[in-house]
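Keep in mind that what you see is a predicted model, and the values were worked out from it rather than measured.
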Amino acid sequence: MVRLKERFSLFFNNRWLVFVAAMWIQSFAGIGYLFGSISPIIKSSLNYNQKQIARLGVAKDLGDSVGFLAGTLSEILPLWAALLVGAVQNFIGYGWVWLIVTGRSPTLPLWVMCLLIFIGTNGETYFNTAALVSGVQNFPKSRGPVVGILKGFAGLGGAIMTQIYALIHSPDHASLIFMIAVGPAMVAIALMFIIRPVGGHRQVRPSDGFSFSLIYSICLILASYLMGVMLVQDLIDVTHTVTTIFTGILFVLLLIPVVIPISLTFSQETRVPSEEALLSESQKQDPGVSGHDQEIIFSEVEDEKPKDVDLLPALERQKRIAQLQAKLAQAAAEGAVRVKRRRTPHRGEDFTLMQALIKADFWIIFFSLLFGSGSGLTVIDNLGQMSQSLGYDNTHVFVSMISIWNFLGRVGGGYFSEIIVRDHAYPRHAAMAVAQVVMAFGHFFFAMGWPGAMYIGTLLVGLGYGAHWAIVPAAASELFGLKNFGALYNFLTIANPAGSLVFSGVIASSIYDSEAEKQAQQRHPGQWNGTSFLSSFLAVDEPLKCEGAICFFYTSLILCGLCIVASILSMILVYRTKTVYTSLYGKSRT
């Protein structure tokens, strides 16, 4: 009995159990991706026009992106408390929206509805923060795979919750809002005491590589399975029994990763795990030089090295730089030279947010992200109206599909950008430029409205949009350091709702409503008296509705152009940062 109790204690404190639990939480944290499914319900129930729905979409984007409070609270409170705060916000925000949509609560002004959507979606930032913080702390030497997998599951969240909704589908479409309010909160509360740091750096095992490969395989199988299920349900009228079987298999796939901590804990041979070093290599340098002076000495290399060093072969260049670093370190330790302290760091060193804000590279990344991810988020927010305008009844299929492509874009963007920097020592934003060109083609397909264009456009935009969130965080950490990465990354994420505010809240909604007015004028010619058509149209208590490819034709062409501009900005950044990546990764190629 005592031995069994020890095994359960080891299981509960296994870092792989924490990681799997974080994956489950992230599977239900993709609340924002379901807005395209619930927006038509809100629009018809509350008699909103497209511009009002766009305002709600911007509120959702702000709630999804503004994570300063979640990050601050996660440093003050234990992670379970942060998860609890997020669950309460999620339940109150979307729960109240459900009460209003179903008529159980009085209708509130638009600004209050925006506030409720913001509060509900902002709960997602607490789920993300707790999952990522626990993952990074428990896997300090495997941050890339951990963050990629967790962000990928967040991208799959919309498709997973949509499939669960298909199982409990009822004539009341507002029940999806109820599920969004209750589902993520229940999962977070159920797992909140598991999500915590457990000294994962002392649990390193030789089998960790195989475990990550197993997780990656499950991710790809899960994405492929969800895609197949969604296509079958869209093309064939499946029975409730078949839907139940599909959902049951989905839960089995989600549960499979828990085999890893179980096998590590209850296997016959319990290997003694090794320990990962928590100190970086730079902190293990010459003990005679302080960490602060060490950074400054290495920075001096940029000023002291000959101009022709960068033109040498990689092996020779690294040898010359290492010699210069050693001489500077020895001279500084002996007091023979006084190391010059620069106020502004070079690329690749640790920047504060204020230092980064005066750098052109930082703003190039910001506007490239604004144009690229902002255009993708505009599609996600308007996917329901876009599919309806082209005659598709089941908008949930496209919401699920873009969630899956978003996931694959994150995994693929991180994988291929890593090949670019590791194997070729080339700037990571080259992969970003490719992703943005892919998105431009996706927007072009949306604009044309050809048969099947919704499927192709959803594929291309979803892949490109997901790639942004695998590439930008890594590139920002490489160019501006890890010391203040949280503040830098949170500032860059503001580009997402900022882009949505302009592209969806102003451009897309205005064009949609304008086309809807023209079509309504043709349907109700007697209502038009040459004055304000909108007021007379609202007088008949009928919401504005546009049909046909024309509804988003001009919007999609504008978004296509913006993605091309974003790609050009990314290539400018590639040109400006070639030497940085050669310095960072040139050694790994030798």
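Between the Ser375 side chain and the Gly372 main chain, a donor and an acceptor come within less than 3.5 Å of each other. A donor-acceptor pair is defined here as one N or O able to donate and one able to accept, closer than 3.5 Å; such a pair exists between the side chain of Asn138 and the backbone of Ser134. The backbone N or O of Lys60 sits nowhere less than 3.5 Å from a side-chain atom of Asp64 that would complete a donor-acceptor pair. Side-chain atoms of Ser44 come within 3.5 Å of backbone N or O of Ile41 as a donor-acceptor pair. Not a single donor-acceptor pair under 3.5 Å links the side chain of Asn122 to the backbone N or O of Leu62.
Across Ser556 and Phe446, no two heavy atoms sit closer than the pair OG-CB, 3.5 Å. Summarising the geometry of Ala87 relative to Phe127, their closest heavy-atom pair is N-CE2, 3.6 Å, with the distance given to 0.1 Å. Contact detail for Arg196 and Phe12: the closest heavy-atom pair is NH2-O, 3.0 Å. Here the shortest heavy-atom pairing between Ala508 and Thr378 reads CB-CG2, 4.3 Å. Closest approach of Ile218 to Pro257, counting heavy atoms only: CD1-CG, 3.8 Å. Minimum interatomic distance between Gly466 and Asn406 (heavy atoms only, all atoms of both residues): CA-OD1, 2.9 Å.
Partner of Ser504 under the side chain to side chain contact (heavy atoms under 4.5 Å, CB included) criterion, out of Asn382, Leu377, Ile380: Asn382 alone.
Here the CG-CE distance, from Leu34 to Met161, works out to 5.5 Å after rounding to the nearest 0.5 Å. Atom NE2 of residue His240 and atom CD1 of residue Ile245 lie 11.5 Å apart, to the nearest 0.5 angstrom. With rounding to the nearest 0.5 Å, the separation of CG in Leu220 from CZ in Phe407 is 6.0 Å. To the nearest 0.5 Å, atoms CG (Leu116) and CH2 (Trp98) are separated by 14.5 Å.
Counting non-hydrogen atoms of other residues, nucleotides and ligands closer than 6.0 Å to CZ of Phe441 gives a total of 12 or fewer. The number of heavy-atom neighbours closer than 6.0 Å to CH2 of Trp24, taken from other residues, nucleotides and ligands shown, is above 12.
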Step-by-step side-chain contact (heavy atoms from CB on, under 4.5 Å) determination, Ile260 to Val20: CA-CA 9 Å; Ile260 296 174; Val20 172; 5.5 Å; no
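In this structure, the ring of Phe11 has its center no less than 6.0 angstrom from the ring center of Trp16.
The ring-ring contact (aromatic ring centres under 6.0 Å, His included) check on Phe366 picks up Trp363, Phe491, with sequence neighbours excluded.
A heavy-atom distance below 4.5 Å is not found between the side chains of Phe91 and Ile119. Between Tyr465 and Asn496, the closest side-chain pair of non-hydrogen atoms falls below 4.5 Å. Between Leu559 and Phe503 there is a side-chain heavy-atom pair separated by less than 4.5 Å. Side-chain contact check for Val379 versus His443: some heavy-atom pair is nearer than 4.5 Å.
Applying the side-chain hydrogen bond (donor to acceptor under 3.5 Å, both in side chains) definition to pairs two or more places apart or across chains, those involving residues 451-462 are Asp234-Tyr455.
A donor-acceptor contact closer than 3.5 angstrom links the side chains of Tyr94 and Thr121.
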